[in-house]
Structure formats: structure tokens, C-alpha cells
Amino acid sequence: MLVLELVLGLAFGLLIIFGGLLRWNEVRYRKKGLPPGTMGWPVFGETTEFLKQGPNFMKNQRARYGNLFKTHILGSPTVVCMDPELNRYILMNEGKGLVPGYPQSMQDLMGKWNISAVHGSLHKSMRSAMHSLIGPNMIKDQLIAEIDESLRSYLSNWSGKVIDIQEKTKEVALKQIAGIETGTLANELKSEIMNLVLGTLSLPINFPGTNYRRGIQARRKIVTILEKLIKERVASPCSLNYMLDSLLRNDDDAKGKLNDEQIVDLVITVVYSGFETVSTTSMMAVKYLSEHPRALEELRNEQFDIRKGKSPEDKLKWKDYKSMIFTRAVIFETLRLATVVNGVLRRTTQDMEMKGCIIPKGWRIYVYTREINYDPFMYPEPLAFNPWRWLDKKLESHQCFLAFGGGGRLCPGKELGIVEIAVFLHHFVTKYRWEEVGGDRLLKFPRVEAPNGLHIRIWDY
């Protein structure tokens, strides 16, 4: 009986303590003018609910509090904005009380020279350097031929095999960025990049066993690998044409040579983006096309039309890419439906008023764009895979289509990423047929992935 009383007393005491902590955290952030919402636990906030429930958490909060609500996620007090017009205003007005506001975990793991985190003149300089290396002129004059040659070789021996298309598209990204394709180094780098990705989506708690700690350790290993590659490339008499080699050239068009630390952070950012955008979009495009034969047939016909008059050895040219109208539509529809990018973060440098609410200095604003992708007014039958909707060019330039960001933060690698996916699809659909095997499970949040891989059986077309 005494033991039972002690257990009940302890449980009641803990209940009071936990309730008090929740109440204290709510009162702590109860300032006049703040948007409505909840803040969860001290330190942890509502991060667990956000990462586990994802879109459902956002929908529930919006149903209770509207398109602008407060929360505490990934270590920071945050205002979530789900208003399309206000989201565009936030993205288009960097510098007017707003700067990049990515979580501390992402800042630590991506590095201080991460182009997504720097702002002002430094951001303009790095963006200019990136544009000269991967902008439309560079793609047209050099990169598209190199991408074509690389992918033609890489996809040459897939027939008769069952492959994990998720892993293959990641290898394609590494090949394009650093010239790393297969082998021990590639496997090590892929593994560490995945730990880095998971670490950026965690609380910055540096305890053994946490995703953040594994992310910190992964960054150190990635930096060591990249620094070794940099030394090898600098010492090599051969000038290769992968992005890493381009960054190392003392090219006036690149607005000055970047130092090694900046190059490492820049390459880490590009690799991260390649894994999370280019490789995932390529994988999901293959999946959606296999599920929609009519779309696959139209894309395949478009690509075979491009090959007419070409020998098997002829490389794709810029004009070929510009004629891939339906292929581009497939890529955009894949980005929309799979929602590879959920949103972007900004930080306030002063108290700001939005929609009658005051957002305090130092708070994050999460420009949550995911739900816009399923807006039935903008996309009729939003859950249907319908690439034909993108043949209306007005949709791609619509002010609420924010998959690549907006304003001065429009992704500098947007066109290069589309080119890489388009060239991959060109060779894949003209060379092979495929079918899914195994019914692999897909997760859509906080990142799109197939936990056990996405396996397909391939044979010649």
C-alpha cells in the first residue's frame, strides 16, 4: 500500500512539474501582438511533433490559429507563415529587417561560408561566383556536353539488373560535382553526407548518439575528404571539368579565386542540395513515369524526336535541352507533387509587423510553401500527376510557385539542376524500360526518401 502511494505521489508530482514547465514556456513567449500558437516544452519546443507529424502538424495548427502562427521548432522560437502573398513578400524583401535564418544545427553543419546563410555583399559575391560557374552561359558552352558524356557512360550497363534508383541518382550527383562515382571513397562520402543531412534536421544538442553529434562528426570527415581532393586536383597537371575543379581555377569570370575553406563549404552546400533536390527529383520522376504510362510515352517520344538525325555518339546541345518542353513539365510536376522543398527560413533583425502581428527581433520565420503545391485553385486536382498543366508557361512564372526560392535568393543552381535531371531522363527513357519491384516504402517528410531503397528491374528498350 505504501509503495502504491509513493508511486502515485511521484506520478502526481511529475505531472505537476511537467504541466508547470509547459505553462511557464507558454507564459514566457506570451507577448502582446505575437501571432497565436503554442510553444511546447522548454528547449525542445514542438520539434518532435513537427518532425514526426510533419504536414499534419502544420495543417492542425493552421486550422486552430490561421495562416500565421507561433511555435518553437529546431531550437528557435518561430513564426510559421502559410499565406502565399505574405510568403512572397518575405522572400522578395531580404535586407528589410530579414536575413537568412536557418537553424543553428544547419548553420553548424553546412559551415559559415554556406551560400544560404551569408548575406549582403558577401552573398552577392558568392552568388556571382556560382553564377559564372553554373549559370546558363556556362551550361550552354560547356556543362551540358560534359553532363551528357558523363551520364551516357554511367547509364551504359544497367540492362538486365535490379538497381536501387535512389542510390544511383545520388551517385550521379557526386559524379557531376566532384568526379566521384564508385568505390570506397564514394561509399564513404555518401554515408557521411546522409549523416550530415539528418543532422541538419535536428536540435543542436551535442550528446553522443544524437543526429546532431553524428552530423558534426560527418562534417569533419567530409571536410577531410574534400580537402584531400582539393590537394590532389591542385597538384594534378590535368584540368578536369567537374564543379570542384571549376571552383579551383583562378578564373576572372568567377570574381576571384575562393579560398579552400570557402570552397569546402560551397561544395558541401552543393552536394547537400544535389542529394536533396536533383537526386530525389530524378528518383521520383522515374517512379511517377512508371505509374503513368501516358506521360512516359509522351516524354519518350519527345526524347526520340531529339535523337533523330543524331548518331549514337552525338552529344546533346543547348538547343536540344531547350526543346524538351514536356520533359521540363514532368520535372516541375515532380517537384510539386513530391514536394522535395518544404520551405525556407528567415530571421528578423528588428521587430516586424505582419498581418497585424508583431514578430520580435531574432525570431525565425518559416516560409512554409508545401501546402501551396496542393492548392486546388492553383492546381486543379492537386493530388494527380499531371505534367500537362505546366505547358502553360504562366504557371512556371506564377508568383506563388516558390520551389526554387525567390528574389535575391532564387536558387543559383536552378537551371543546372533541371538540365541534369533532363539529360538523365533523356538517356534513361531512350535506352531502357523498367518496372518497380518490391513495393518499397516512401517517406515524404521531413525529406523525401525510400528508407530501404527504391528498386527497379531494367531491360533494354
Side-chain angles (χ1 to χ4, degrees), residues 35 37 50-51 53-63 65-71 73-74 76 78-94 98-103 106 116-117 197 200-201 272-273 276-278 280-281 284 331-348 352 354-355 359 363-386 389-390 394-414 417-418 443-449:
F50 168 66
L51 293 177
Q53 299 175 24
N56 288 333
F57 171 78
M58 293 298 199
K59 288 177 183 177
N60 292 338
Q61 296 299 86
R62 181 173 65 173
Y65 304 114
N67 282 333
L68 199 68
F69 59 87
K70 67 181 178 183
T71 182
I73 54 176
L74 299 175
S76 301
T78 302
V79 170
V80 176
C81 182
M82 300 173 71
D83 182 300
E85 293 183 4
L86 188 53
N87 279 343
R88 179 167 175 78
Y89 170 83
I90 293 169
L91 293 179
M92 298 298 289
N93 285 277
E94 182 176 326
L98 295 163
V99 294
Y102 290 94
M106 183 171 284
S116 300
V197 169
T200 62
L201 300 170
Y272 179 95
S273 301
E276 291 304 284
T277 306
V278 174
T280 304
T281 306
M284 292 305 297
I331 293 169
F332 275 74
E333 181 70 348
T334 301
L335 278 167
R336 181 196 70 82
L337 192 57
T339 311
V340 177
V341 179
N342 290 289
V344 297
L345 282 152
R346 294 290 181 263
R347 178 173 57 84
T348 56
M352 297 193 69
M354 291 185 178
K355 295 286 185 179
I359 302 175
W363 278 46
R364 260 71 174 183
I365 301 176
Y366 187 18
V367 178
Y368 187 69
T369 58
R370 183 185 183 94
E371 294 307 312
I372 300 173
N373 291 341
Y374 309 111
D375 184 340
F377 295 102
M378 189 169 173
Y379 306 104
E381 298 184 55
L383 298 182
F385 180 75
N386 178 14
R389 72 173 94 235
W390 294 95
K394 293 179 182 178
L395 193 58
E396 184 178 329
S397 58
H398 193 283
Q399 63 178 7
C400 292
F401 178 64
L402 302 171
F404 297 98
R409 292 280 167 177
L410 185 69
C411 176
K414 171 188 173 182
I418 297 172
L443 298 179
K444 293 290 189 75
F445 194 90
R447 46 187 297 272
V448 179
E449 64 170 328

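These numbers come from a predicted model, not from an experiment.
- Residues Pro55 and Arg370 share a closest heavy-atom pair of CG-NE, 3.3 Å.
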Apply side-chain contact (heavy atoms from CB on, under 4.5 Å) to residues Met284 and Val448 and explain how you reach the verdict.
CA-CA 9 Å; Met284 292 305 297; Val448 179; 4.0 Å; yes

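- Taken to the nearest 0.5 Å, the CE atom of Met354 stands 10.5 Å off from the CG atom of Asp83.
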Candidate pair Tyr368 and Arg62, rule side-chain contact (heavy atoms from CB on, under 4.5 Å), full reasoning
CA-CA 11 Å; Tyr368 187 69; Arg62 181 173 65 173; over 6 Å; no

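- Side-chain atoms of Ile372 and Asn87, non-hydrogen and from C-beta on, do get closer than 4.5 Å to each other.
- Between Ile359 and Lys70 there is no side-chain heavy-atom pair separated by less than 4.5 Å.
- Contact annotation: the side chain of Glu371 never approaches that of Asp375 to less than 4.5 Å [non-hydrogen atoms, C-beta and beyond].
- Annotation: side chain of Met82 is in contact with side chain of Phe69 (closest heavy-atom distance under 4.5 Å).
- Side-chain atoms of Tyr374 come within 3.5 Å of backbone N or O of Leu337 as a donor-acceptor pair.
- Residues passing the salt bridge (charged side-chain N to carboxylate O under 4.0 Å, His left out) test with Glu449 are Arg447, sequence neighbours excluded.
- The line from CG of Asn93 to CZ of Arg88 is 10.0 Å long, rounded to the nearest 0.5 Å.
- You'll find the ring centres of Phe445 and Phe50 inside the 6.0 Å limit.
- In this structure, Pro446 and Asn342 have side chains that are not in contact, with every pair of non-hydrogen atoms separated by 4.5 Å or more.
- Residues Val341 and Ala403 approach most closely at CG2-O, 3.9 Å, considering heavy atoms.
- In this structure, the separation between CG on Leu86 and CG on Leu68 is 6.5 Å, given to the nearest 0.5 Å.
- For Tyr89, there are no ring pair (Phe, Tyr, Trp, His ring centres under 6.0 Å) partners at least two apart in sequence or on another chain.
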Got a list of side-chain donor-acceptor pairs under 3.5 Å for residues 379-386, not counting sequence neighbours?
from   : atom 1 : to     : atom 2 : distance (Å)
Asn386 : OD1    : Trp388 : N      : 3.2

Criterion side-chain contact (heavy atoms from CB on, under 4.5 Å) on Thr339 and Lys444, from CA distance to verdict:
CA-CA 8 Å; Thr339 311; Lys444 293 290 189 75; over 6 Å; no

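- Ring geometry for Phe404 against Phe401 counts as perpendicular: the plane angle is over 60°, on a 0 to 90° scale with 30° as the lower cut.
- Glu333 and Arg336 are joined by a salt bridge, as a carboxylate oxygen and a charged side-chain nitrogen come within less than 4.0 angstrom of each other.
- With hydrogens and angles disregarded, no donor-acceptor distance shorter than 3.5 Å links the side chain of Thr348 to the backbone of Leu98.
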Checking side-chain contact (heavy atoms from CB on, under 4.5 Å) for the pair Phe57/Thr71: CA distance, chi angles, key distance, verdict?
CA-CA 11 Å; Phe57 171 78; Thr71 182; 4.0 Å; yes

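- Side-chain N or O atoms of Arg347 include none that pairs as donor or acceptor with a backbone N or O of Tyr102 at under 3.5 Å.
- Within a 6.0 Å sphere centred on CD of Glu85, heavy atoms belonging to other residues, nucleotides or ligands number 12 at most.
- Scanning both residues, Cys81 and Ile365, for their nearest heavy atoms gives CB-CG2, 4.4 Å.
- Rounding to the nearest 0.5 Å gives a distance of 11.0 Å between OG1 of Thr277 and CD1 of Ile418.
- To the nearest 0.5 Å, atom CG of residue Leu51 and atom CD1 of residue Ile73 are 8.0 Å apart.
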